[in-house]
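Counting starts at 1 for both ligands and their atoms, in listed order. These numbers come from a predicted model, not from an experiment.
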Amino acid sequence: MATNRTFTMIKPDAVEKNYIGGILKMINEDGFKIVAMKYTKLSKEQASAFYEVHKERPFYGELVDYMSSGPIVAAILEKENAVEDFRKLIGSTNPADAAEGTIRKIYAASIQANAVHGSDSDENAKIEGDFHFKATEIFA
Ligand code: CMP
């Protein structure tokens with residue numbers, strides 16, 4: 001059954017280009033409530049651990065370097081059917097394939113520097129949210 005939370009990161013490329021405000025506006029206007037948020041920078045160790053599921057992929061090393069290259073915004077978002085609705089809002093991983101009006105279509109630069117992360121399942125949303133936030137940092 002779908003839960004009502006997902007996890008996102010605004011990635012280093014989008015932060016660098018000053019897109020934080022525009023992306024958060026789209027998130028709020030789509031009906032998501034921000035229940036936790038942090039402006040932070042991942043160490044290489046943290047980025048490696050967060051993306052460990054991709055460690056056999058050829059792009060893993062570059063992904064870890066990129067995700068630890070500059071500050072990010074991490075957030076937990078709440079809405080009914082959050083995981084699926086957020087994946088619709090952000091669009092395909094590769095911005096070249098992303099639908100018009102999606103966050104990645106508007107803000108992403110490439111398949112790697114794709115502006116935002118969105119959890120792909122309820123289970124991962126919980127794991128990823130817990131990776132970044134303590135219970136006392138979540139305001140439901
Ligand atoms: P994300 O949704 O955060 O999940 C895994 C990330 O790996 C993905 O977004 C991209 O940033 C990156 N990624 C996925 N596929 C590729 C690829 N083919 N080449 C480089 N990076 C990729």
Subject >> Aromatic Tyr107 / basic Lys17 pairing, under 6.0 angstrom, 45° off normal >> reply: no
Subject >> Charged tip of Lys55 within 45° of Tyr60 ring normal and under 6.0 Å >> reply: no
Starting from [atom], what is the nearest protein heavy atom, named by residue and atom, and what distance separates them?
atom: atom 4 (O) of ligand 1; answer: Tyr51 CE2, 3.7 Å
atom: atom 12 (C) of ligand 1; answer: Leu63 CD1, 3.8 Å
atom: atom 18 (N) of ligand 1; answer: Ile111 CD1, 3.7 Å

Original post:
Which part of Glu62 is near ligand 1, with near meaning a heavy atom under 4.0 Å away: side chain, backbone, both or neither?
Top reply: neither
Original post:
Got a sec, which residues hit side chain to side chain donor-acceptor pair (under 3.5 Å) with Tyr51, two or more places apart in sequence or on another chain?
Top reply: none
**OP:** Tell me, please: is Arg104 in heavy-atom contact with ligand 1, that is, under 4.0 Å?
**Re:** yes
Original post:
If you measure from each heavy atom of Lys11 to ligand 1, is any distance below 4.0 Å?
Top reply: yes
Original post:
If you group Ile, Leu, Val, Met, Phe, Trp and Tyr by side-chain heavy-atom gaps below 4.5 Å, do Tyr39 and Ile10 land in one group?
Top reply: yes
Original post:
Hey, are Glu137 and His132 close enough side-chain-wise for a donor-acceptor pair under 3.5 Å?
Top reply: no
Subject >> Selection from His54, Glu128, Arg57 by shortest heavy-atom distance to atom 5 (C) of ligand 1 >> reply: His54
**OP:** Ignoring hydrogens, just give me the one of Phe59, Tyr66, Tyr60 whose non-hydrogen atom is nearest atom 15 (N) of ligand 1.
**Re:** Phe59
Original post:
Going by the order shown, which atoms of ligand 1 are within less than 4.0 Å of some heavy atom of Asn114?
Top reply: 8 (C), 9 (O), 10 (C), 11 (O)
Original post:
Listed by chain and number, what are the side-chain contact (heavy atoms from CB on, under 4.5 Å) partners of Ile106, not counting sequence neighbours?
Top reply: Met26
Subject >> Reference residue Arg5; test side chain to side chain contact (heavy atoms under 4.5 Å, CB included); the match among Lys33, Glu78, Lys126, Lys79 >> reply: Glu78
